[in-house]
Amino acid sequence: MPELPEVENLAQGLAAQVLGLTIEDVLCHFPAVVAPDPVCFAEAVRGRRFENLRRHGKYLFFLLSGDVALALHLRMTGQLLLVPRVQRVDKHTHLELFLANREMKIVFRDVRKFGRLKLLEGRVEEFIKEKKLGPDALGISALQLHRALRKTGRCIKAALLDQTVVAGLGNIYTDEILFREQISPLKQACSLDSERTASLLRTVQKVLRSAIRRKGTTISDYVDSRGEKGSFQNELMVYGRKGQPCSRCGTPIVKTRVAGRGTYFCPSCQCQ
DNA sequence: ACTATCCCCTGACGGC
DNA sequence: TGCCGTCAGGGGATAG
């Protein structure tokens, strides 16, 4: 379940590994994984060099030579790996990008086939605008967040998961942030005043930066481009801890469903 | 316009 | 031992 820290960690690793390298050829095993289609995709990227990487929320953008840009979204189980060119691929590998002048290739694996690598028609900024993505969670200001929260009738968990409000938060980090901030996931988003919102945002950024330092959270599938797992799963205080005592007060952690997602919280510490 | 729900897809897991 | 239902959660599509 890659969220902002996992995508950031992947981006940092890839930047060191692939910038300056050229895509020699493309092999697609599952057509739906690329957009608009494998033929257009291959024609557009063949011979292009990786010039820059950029992340916004859970999206990773590859800026290639010739003003070509790609948008990657890992969704739940997607992985982008740099592996030896001769390595055999398994049934979950949907795309191979062979690199020129190197014995390596980039492969895209995704057990659940939800992830996508899209050739952009325009610039990255236009893509972000089309998707109506909000400011990145590490760049949003307290004022921006407060304005967005004020005008919704939804609960805080639903609002934080909404990528048009703030981009980058997913189910795991949202639960962890609300626990640390002692806010009920069911609290009305519009009921947070500007000071409470500022405090929430400090916790959002603290948790995300901490998770980046820990190289992400690996519960099942997440690995970086070298296949390395993260370790923030060892820092989780509520997610996946149903029935276990709250680290703050000892009350058993409760699991419910909020905004269509499994939601873990302490009913005692997060009662409002 | 805003919000809630369904759906995609596979693997893991629990009950019987 | 195997079959079946449920769950996992990104975001797009669709319904209300």
Side-chain angles (χ1 to χ4, degrees), chain A residues 1-11 28-36 55-61 70-80 89-95 108-118 120 127-134 136-137 147-178 185-191 208 211 216-223 229-230 232-233 236 238-243 253-265:
Chain A
M1 293 121 251
E3 303 178 33
L4 186 151
E6 290 73 38
V7 181
E8 175 64 23
N9 186 55
L10 175 69
C28 182
H29 307 286
F30 177 63
V33 77
V34 293
R55 182 193 59 72
H56 187 99
K58 302 173 195 172
Y59 282 93
L60 180 55
F61 299 98
L70 307 177
L72 172 74
H73 200 300
L74 299 172
R75 295 288 184 98
M76 253 91 71
T77 54
Q79 303 173 334
L80 207 63
V89 299
D90 67 0
K91 64 172 179 175
H92 300 304
T93 298
H94 309 310
L95 186 73
F108 181 73
R109 286 187 80 244
D110 190 354
V111 169
R112 291 174 71 178
K113 298 179 172 175
F114 288 166
R116 295 290 181 265
L117 187 57
K118 181 184 168 67
L120 298 194
F127 177 84
I128 290 170
K129 194 178 273 185
E130 275 171 29
K131 297 280 182 195
K132 299 180 167 38
L133 294 180
D136 186 82
R147 280 182 178 154
L149 296 182
R150 245 178 17 193
K151 66 183 183 192
T152 179
R154 291 180 295 172
C155 63
I156 186 65
K157 169 138 182 178
L160 292 178
L161 286 174
D162 184 343
Q163 303 298 297
T164 69
V165 169
V166 53
L169 298 177
N171 200 40
I172 297 172
Y173 291 110
T174 299
D175 278 4
E176 292 299 311
I177 288 159
L178 292 176
L186 291 168
K187 185 179 176 71
Q188 285 295 301
C190 60
S191 72
L208 295 179
T217 300
T218 300
I219 287 178
S220 57
D221 298 274
Y222 172 72
V223 290
K229 297 175 176 180
F232 195 76
Q233 63 276 11
L236 299 178
V238 284
Y239 187 86
R241 292 189 169 271
K242 177 185 176 183
I253 298 302
V254 168
K255 184 187 183 189
T256 57
R257 189 159 283 268
V258 178
R261 301 283 177 249
T263 298
Y264 299 86
F265 70 106

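These numbers come from the heavy atoms of this one structure, side chains and all, not from hydrogens, waters or symmetry mates. Each chain gets a letter, A, B and so on, in the order the sequences are listed, and its residues count up from 1.
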To the nearest angstrom, the CG-P distance between A/L160 and B/dT3 comes to 14 Å

Mind checking if A/G260 touches a base, just sugar-phosphate, or nothing, with heavy atoms under 4.0 Å? nothing

Handout entry: A/T152 side-chain N/O to B/dT3 phosphate OP1/OP2 under 4.0 Å
Key = yes

Tell me whether A/N171 contacts the main-chain N or O of A/T174 through its side chain, where contact means a donor paired with an acceptor under 3.5 Å. no

When A/K113 and A/K151 are each assigned the nearest nucleotide of DNA chain B, the 5'-most assignment goes to A/K151

Polar side-chain atom of A/E3 near backbone of A/K58 as donor-acceptor pair, under 3.5 Å: no

Euclidean distance for P, C/dC3 against B/dC9 (whole angstrom):
23 Å

Check: Do NZ/NE/NH1/NH2 and the carboxylate oxygens of A/R112 and A/D221 come within less than 4.0 Å?
Finding: no

Using a heavy-atom cut-off of under 4.0 Å over every strand shown, decide if A/G262 touches base, sugar-phosphate, or nothing.
sugar-phosphate

In whole angstroms, the gap separating P of C/dG10 from CD of A/Q79 amounts to 16 Å

A/K58 atom NZ is separated from C/dG12 atom P, nearest whole Å, by 11 Å

Check this one for me: any side-chain N or O of A/H92 less than 4.0 Å away from OP1 or OP2 of B/dC9? no

In whole angstroms, the gap separating P of B/dC2 from CZ of A/R154 amounts to 10 Å

- Message: What contact category does A/G153 fall into here, base, sugar-phosphate, or nothing, at under 4.0 angstrom with non-hydrogen atoms?
- Response: sugar-phosphate

Phosphate oxygens OP1/OP2 of C/dG12: is one of them under 4.0 Å from a side-chain N or O of A/K132? no

Taken to the nearest whole Å, CZ/A/R257 to P/C/dT6 is 12 Å

Next item on the list: Quick one: label A/F30 by what it contacts on the DNA or RNA (base, sugar-phosphate, nothing), any heavy atom closer than 4.0 Å.
Entry: nothing

Taking the side chain as everything from C-beta on, heavy atoms only, tell me whether A/F127 gets closer than 4.5 Å to A/H56. no

*Are side-chain heavy atoms of A/L10 and A/R55 found at a separation under 4.5 Å?*
no

Under 4.0 Å between a side-chain nitrogen and a carboxylate oxygen: does that hold for A/R261 and A/D175? no

Pairs under 3.5 Å (Watson-Crick or G-U), crossing ones as [ ], inter-strand ones as |: DNA chain B comes out as .|||||||.|||||||

On DNA chain B, more 5' by nearest nucleotide between A/R261 and A/D162 is A/D162

Taken to the nearest whole Å, NZ/A/K242 to P/B/dG14 is 12 Å

Strictly below 4.0 Å: does A/Q163 bring a side-chain N or O up to OP1 or OP2 of C/dG10?
no

Checking C/dC7, C/dG10, B/dG11 against the side chain of A/E3 (C-beta onward), the nearest is C/dG10

From CZ of A/R109 across to P of B/dG11 the rounded distance in Å is 10 Å

Is there a side-chain contact between A/L208 and A/L169 (heavy atoms, below 4.5 Å)? yes

message: Please report the distance separating the C1' of C/dT6 from the corresponding atom of B/dC6, rounded so that it comes out in whole Å.
response: 16 Å

message = Please tell me if A/K131 has a side-chain N or O lying less than 4.0 Å from either OP1 or OP2 of C/dG11.
response = no

Subject >> Minimum side-chain heavy-atom gap A/Q79-A/H92 below 4.5 Å >> reply: no

Review point. Base, sugar-phosphate alone, or nothing: which one does A/R116 contact when heavy atoms must sit under 4.0 Å apart?
Key: nothing

Here the distance between atom P of C/dG11 and atom NZ of A/K118, to the nearest Å, is 15 Å

* Stacking check: are the rings of A/F114 and C/dG11 less than 5.5 Å apart at their centres and under 30 degrees in tilt? -> no

* Asked: Can you tell if the side chain of A/P5 reaches within under 4.5 Å of the side chain of A/F232, non-hydrogen atoms only?
  -> no

